[in-house]
Amino acid sequence: MAEPATAPTVSEQDFRDILDATRQFVRTAVVPRELEIMNDNRVPDDIRDQAKDMGLFGYAIPQEWGGLGLNLVQDVEMAMELGYTTLAVRSMFGTNNGIAGQVLVGFGTDTQKERWLEPIASGECVASFALTESGAGSNPAGLRTKAVRDGDDWIITGHKRFITNAPTANLFVVFARTRPADADGPGIAVFLVPADAPGVVVGPKDAKMGQEGAWTSDITFDDVRVGPDALIGGTEDIGYRAALTSLARGRVHIAAVSVGAAQRALDESVAYAATATQGGTAIGEFQLVQAMLADMQTGVMAGRALVRDAAQLWVSGADRRIAPSAVKLFCTEMVGKVADLAVQVHGGSGYMRDVPVERIYRDVRLLRLYEGTSEIQRLIIGGGLVKAAQRSASGR
């Protein structure tokens, strides 16, 4: 289901107020506590509660379901602000607004939307997107989790990996194979599975390289029984399309998060270069340091422009396949280079655990992996361009 190519629900002035409040929240409530979040590997309850009160758990959920109703053009501006600090805070409500919540918004039945979207928008319900498996990461076609009919019910069996927010989730949006792929489609359906359903087992929190406080874990579905109302859209054949659509939209969002993180790394580096000295001279006066800052600034500006363009293309419906992959590829690779240069500008200090650029360096490495690796994005972009040319050549 497409986001309508119409004026956004939220006026420009109201959105400015929302964006300003988000920036204030990030800069004054979260940034001073980044070390606490990193060291404790958790987002404090008062920050979580403040995010709920601000409506951040549902800023991309339509207003009729209790959300703020921001479209993707506005979403990316929010994401660039949220990316400026520890990515654990954005991760708290990222799946509610993004890949999990948007499956319901775009493909759920009216009954499913009535049951789940308001709790998701308020933060009462944390929704988790359960797609990734050992043999099925960036390509959903390799799914092995199965859903088998038993009367009117479904029995779900399988194992998922690296599932964001699984330890705190109330609802899992689960992708499962109902039949082998055939001429009618890939045979993948999507189910709504409450976290407290018998047979759902959430594993221990993963120990990751970075993004402390953003919890992920494995999930096992051991003969989990759900009713017919759990099938998203009421049909088996909607799942694969739902996955691809949600992932494509999410790629534009992740690209915007990358720009926010890159801007923070740049700001930290400029401030350090202007004040740190070597032999009595501020290192920012050295031309090679200036060259690094110039490359960082250029990357940030290019990424921001590309994010805004890709979001416009998505909302208008002009490009929902190649542009999301292109912006995700460029921006996640860009932030990796910017973070590396930020550590270099800081020298030995940049390798110390209590310095922001050290955390940023580790946090952003994951951005090139989830919601489709850089390699997958290149295949989507290249393959899409060739197919479009072939269609044009054949007159179709």
Side-chain angles (χ1 to χ4, degrees), residues 1 61 65 95-96 98-121 124-137 139-203 216-247:
M1 180 179 293
I61 302 297
W65 306 113
T95 49
N96 275 32
I99 51 180
Q102 294 303 319
V103 167
L104 264 170
V105 170
F107 299 94
T109 65
D110 289 343
T111 301
Q112 289 166 343
K113 291 176 182 179
E114 289 172 5
R115 167 67 181 87
W116 292 109
L117 281 180
E118 286 192 13
I120 285 172
E124 176 189 339
C125 173
V126 174
S128 187
F129 188 81
L131 172 64
T132 302
E133 300 177 7
S134 296
N139 182 6
L143 282 179
R144 289 183 291 184
T145 295
K146 293 182 180 180
V148 178
R149 279 191 182 277
D150 184 30
D152 291 334
D153 293 344
W154 292 89
I155 307 297
I156 301 173
T157 305
H159 188 82
K160 302 290 185 177
R161 296 187 72 192
F162 312 138
I163 304 304
T164 300
N165 289 331
T168 58
N170 306 103
L171 176 69
F172 293 112
V173 178
V174 182
F175 292 76
R177 185 171 296 285
T178 58
R179 68 173 192 276
D182 55 29
D184 295 327
I188 295 172
V190 189
F191 298 88
L192 298 172
V193 181
D196 59 0
V200 176
V201 179
V202 177
T216 65
S217 68
D218 288 11
I219 314 168
T220 300
F221 299 93
D222 186 6
D223 291 337
V224 176
R225 179 180 294 272
V226 294
D229 57 336
L231 182 62
I232 284 277
T235 173
E236 292 180 46
D237 294 317
I238 209 167
Y240 193 65
R241 183 159 58 96
L244 295 183
T245 301
S246 295
L247 286 170

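Each residue takes its place number in the sequence, starting with 1.
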task = Any chance you could measure Ile156, atom CD1, to Asp223, atom CG, to the nearest 0.5 Å?
result = 10.5 Å

request  = Please say whether more than 12 non-hydrogen atoms of neighbouring residues, nucleotides or ligands are located less than 6.0 Å from CG in Asp110.
outcome  = no

inquiry  = If the condition is salt bridge (Lys or Arg N to Asp or Glu O under 4.0 Å), which residues does Arg225 pass it with, not counting sequence neighbours?
reply    = Asp150, Asp153

key: Salt-bridge present (Glu236, Arg177; N to O < 4.0 Å)   = no

message = Minimum heavy-atom separation for Pro194 and Leu171, please, with both atom names.
response = N-CD1, 4.1 Å

note = For Phe162 and Thr216 the tightest heavy-atom approach is C-CB, 4.0 Å

ask   = Side chains of Thr157 and Val224: does their closest heavy-atom pair fall under 4.5 Å?
value = no

inquiry  = Could you check whether any side-chain N or O of Thr235 sits under 3.5 Å from a backbone N or O of Ile238, counting only pairs where one atom can act as donor and the other as acceptor?
reply    = no

query = Hey, does Val200 have a side-chain heavy atom less than 4.5 Å from the side chain of Val193?
reply = yes

query = Are any non-hydrogen side-chain atoms of Phe221 and Lys160 less than 4.5 angstrom apart?
reply = yes

remark   = salt bridge (Lys or Arg N to Asp or Glu O under 4.0 Å) filter on Arg144, not counting sequence neighbours, yields none

query = Within the distance-only criterion (no hydrogens, no angle test), does the side chain of Ser128 pair as donor or acceptor with the backbone N or O of Thr164 below 3.5 angstrom?
reply = yes

Pairwise distance CG(Leu143) to CD1(Ile188) - rounded to 0.5 angstrom = 4.5 Å

query = Can you tell me how far the CG atom of Asp222 sits from the CD1 atom of Ile155, to the nearest 0.5 Å?
reply = 10.5 Å

query = Quick one: does Asn96's side chain have a donor or acceptor within less than 3.5 Å of a partner on Ile120's backbone?
reply = yes

request  = Determine yes or no for a side-chain-to-main-chain donor-acceptor pair under 3.5 angstrom, with Gln112 supplying the side chain and Thr109 the backbone.
outcome  = yes

ask   = How long is the gap from CZ on Phe107 to CZ on Arg241, to the nearest 0.5 Å?
value = 5.0 Å

ask   = Taking all atoms of both residues into account, what is the closest heavy-atom pair of Ile99 and Ser246, and its distance?
value = CG2-O, 3.5 Å

ask   = So Phe129 and Val190, side chain to side chain contact (heavy atoms under 4.5 Å, CB included) or not? Walk me through it.
value = CA-CA 10 Å; Phe129 188 81; Val190 189; over 6 Å; no

ask   = Is any side-chain heavy atom of Thr145 closer than 4.5 Å to a side-chain heavy atom of His159?
value = no

ask   = If every non-hydrogen atom of Lys113 is compared with every non-hydrogen atom of Trp65, which pair is closest and at what distance?
value = CB-CZ2, 3.7 Å

task = Please step through salt bridge (Lys or Arg N to Asp or Glu O under 4.0 Å) for the pair Asp237 and Arg179, ending with a clear verdict.
result = CA-CA 10 Å; Asp237 294 317; Arg179 68 173 192 276; 2.9 Å; yes

query = If you round to the nearest 0.5 Å, how far is CG of Asn165 from OG1 of Thr95?
reply = 4.0 Å

task = First locate atom CG of Asn170, then atom CD of Glu124, and finally report the distance between them rounded to the nearest 0.5 Å.
result = 8.0 Å

Results of ring-ring contact (aromatic ring centres under 6.0 Å, His included) for Phe191 - residues two or more places apart only = Trp154

inquiry  = Within the 4.5 Å heavy-atom criterion, are Glu133 and Phe175 side-chain neighbours or not?
reply    = no

query = Going by heavy atoms in the side chains, are Leu192 and Val226 under 4.5 Å from each other?
reply = no

